[in-house]
Protein chains: 2
Amino acid sequence: MEKQHRTQMEQARAGVITSQMEQVASAEGCPPEYIRQEIAAGRVVITHNLRRNSAPVGIGRGLRTKVNANIGTSKDMLDVELELKKLHVALAAGADAIMDLSTGGDLRAIRRQVLEASTMPVGTVPIYQAVVDTVTKGKSIAQLDPEEIFDVIEEQAQDGVDFITVHCGVTQRVLERLKQDKRVLPLVSRGGTFLAEWMILNKRENPLYEQFERLVKIAKKYDVVLSLGDGLRPGAGVDATDRPQIQELITLGELTEIAWRQGVAVMIEGPGHVPLNQIEANVLLEKKLCKSAPFYVLGPLVTDSAPGYDHIVAAIGGAVAAAAGADFLCYVTPAEHLRLPTLEDVRLGVMATRIAAQAADVSLELPLAKKRDHEMSLARKTLNWQQQISLSLDPENTRELCADKLDSAGEVCSMCGEFCAIKKVKEFLG
Amino acid sequence: MEKQHRTQMEQARAGVITSQMEQVASAEGCPPEYIRQEIAAGRVVITHNLRRNSAPVGIGRGLRTKVNANIGTSKDMLDVELELKKLHVALAAGADAIMDLSTGGDLRAIRRQVLEASTMPVGTVPIYQAVVDTVTKGKSIAQLDPEEIFDVIEEQAQDGVDFITVHCGVTQRVLERLKQDKRVLPLVSRGGTFLAEWMILNKRENPLYEQFERLVKIAKKYDVVLSLGDGLRPGAGVDATDRPQIQELITLGELTEIAWRQGVAVMIEGPGHVPLNQIEANVLLEKKLCKSAPFYVLGPLVTDSAPGYDHIVAAIGGAVAAAAGADFLCYVTPAEHLRLPTLEDVRLGVMATRIAAQAADVSLELPLAKKRDHEMSLARKTLNWQQQISLSLDPENTRELCADKLDSAGEVCSMCGEFCAIKKVKEFLG
């Protein structure tokens, strides 16, 4: 007989507070019972494969906004060591999760190395491996056997992957809409494009949609969180919030409820390129159409015109999205749209996204985020540089930039010198 | 007899479209009559001293969001050549205006060099010079003679300064509030602090408030735009939107109407450190209390916890503020709170602020900003790298980052290689 209450969601519904829930509650500074209730309702997920011992990370309503960093090989840049270095740089910079998006080399071996090396949850996009396997065998994407997709998903779940992106909402109906409603960039999601190509060439429905119950069953077995991918995410601001995108989101909401009925946790992936004035509506739509399942956004990128600085573009969009209720931010690096990221790109991407997350958490009045900002302001008042360093999101960088001040704690610094406003004010306003 | 309709505002009210209005209209892609009407109503200003020939820049409702870069010597970093280099770096990066905040060395000579070197409008904070002159004579700030403040203002206006920051709203009433309503950081505005110190030690009212009509008269003579400084701008998120800040803003609104009655243009300076959820309210308050005078914000900084990355922190706040109606963004560099900015800090500060401005302008659906984003998306669709470079906010940086792709226009690049979503989609969706 199958063991009862295996997934976090099932256990939460049965009133059980798991050790993972306790760890999340402790990290977030909130009662374990709150975590249990929110997981039971689907508004919080813990990305934690039953087969793996990564740090349990809670994502969702009322919790600190989390940050994901993507790494991965490609055929033209097949350096596993470099990708593992990126992983370490991302974790050292404070990423809460890592996605391995490798498409080059021995994908199984690379994934297992990433899972081994990462102390934090690891996510994947299994369709990549299914496609690469097919192409490696000399076949075309159209010849991909749907069975292989499910085999790969089971294999990755068995390996311990904590969450998987599955583009279940790319349906024939959505593709029909895409033909009717012209976009500048019809599809920019790589996984979504693979599926669309397969569907169009074979004139068949998306297997991840058609056999969604089968997918749910695998996810349930290992307690893998399903991250329902947005294959229709806009790749240009001008395409944002259009009918194909929202049509897919409606479908993802329906699938969310099917997964929940089986006790399987779900996140919803979101845009993408979205002008600032449309972000709040996008978050609201996700929360309404998907019954408050955690929202995992890529960006959003609030302008198309700043390649080379897309970490800043995404920090603007991510902060606004998270302040409006998005729960999980996928980092964007300065390399986005231009090249594969370097180690420094990875570090800057994580830092910019953490800034967005902290700004959103302060906006949402999360106590721990507010406390950090408040303590930093007190350290500024007392001109306590050591304290300012340790409270910084990037202490090492702060230490470097204010190295000349460390001997002069409490004294004015070279920025304003004798005209230091903080010191002057202390003299007459206390 | 005095020449009639000297200031842009007076001429606008008299129905005259000046050559400056025409140039602004042309740059913004809107009818000259619109510019005239908005200037007459005080909702748009052109920073253009009658004595100088800087490019006329329009700031205000319906116009592109503008970016200011601060430069300036201090006693401990007295390298005029370096500051002039910063000026050139800022202009090359696309700054719309420069403020000379020098407090070290021969301030007159430095200012004249800055005015000479800058093709764009130049602003100053005259109280700095008044204080430095006093201190240089061996006197204390308390001994500063109010007459000297007005002399310095007249001198700077005569030199051709296009806009001046004057902290007219730091009144005894506001300081009283500041004593009642405790802040973590009572005052962080340097100019505001000088005045507060003088007022407290002398138990007298702020001369810039008491003799505001005199200030307006000087501004009118040279058509200098008065940028009413926010001496009470919060220096910590926890202090934002408090009674002292809003008390000062009410006063600035009253002074705005006095200046307008004399045909003198006004901008209102704004915060500062402000959590994301309070930015819209801050912009709305300014627009209501100050009758839609252009809003010039420093940041806002949406978290206190990211020193070393405050250009990103400010880009988040600036984008949200400008999308809500702020008109002019003062840059913040990565050096903020830590040290004086380097040339690279200046460049990054301008770029981050321009990104915020572009994101806001897209959000506000300004046609030129939308067009740029749209064209960039089309260049991505066609994998046209040259076009992507020339449409970038920082073409040079883009060129460097995608150097390897310039020979392969229209072809897939190394990022996704054979799995290029854009190329695949073209094959089957057209």
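Lettering of chains follows the sequences in order, A, B, ..., and the numbering in each one begins at 1. Note: hydrogens, waters and symmetry copies are ignored here, and every other heavy atom, side chains too, is used. Everything numeric in this text was worked out from a predicted model, so none of it was measured.
For B:L178, the part lying under 4.5 angstrom from a heavy atom of chain A is the side chain only. With a threshold of 4.5 angstrom between heavy atoms, A:F194 approaches chain B through side-chain atoms but not through N, CA, C or O. Residue contact with chain B, scored on non-hydrogen atoms closer than 4.5 Å, is absent for A:V274. For B:L391, the part lying under 4.5 angstrom from a heavy atom of chain A is the backbone only. Interface remark: B:I279 contributes no atoms to any contact with chain A (heavy atom separation under 4.5 Å). Looking at B:L175, neither its backbone nor its side chain comes within 4.5 Å of chain A, counting heavy atoms on both sides. For chain A, the nearby part of B:A323 is the side chain; its heavy atoms alone come within less than 4.5 Å. In this structure, no portion of B:E400 lies under 4.5 Å from any heavy atom of chain A. Using a 4.5 Å cut-off between heavy atoms, B:V238 contacts chain A through its side chain alone, with no backbone atom that close. Contact annotation for B:R399: neither backbone nor side-chain heavy atoms come within less than 4.5 Å of a heavy atom of chain A.
Side-chain N or O atoms of B:D373 include one that pairs as donor or acceptor with a backbone N or O of A:D304 at under 3.5 Å.
Scored by the ring-ring contact (aromatic ring centres under 6.0 Å, His included) test, B:H273 finds B:H337 as partners (sequence neighbours excluded). For B:D394, the side chain to side chain contact (heavy atoms under 4.5 Å, CB included) partners are A:Y309, B:R347, B:M351, B:E396, B:N397, not counting sequence neighbours.
The side-chain contact (heavy atoms from CB on, under 4.5 Å) test with B:P307 is passed by exactly one of A:L393, A:T398, A:L401: A:T398.
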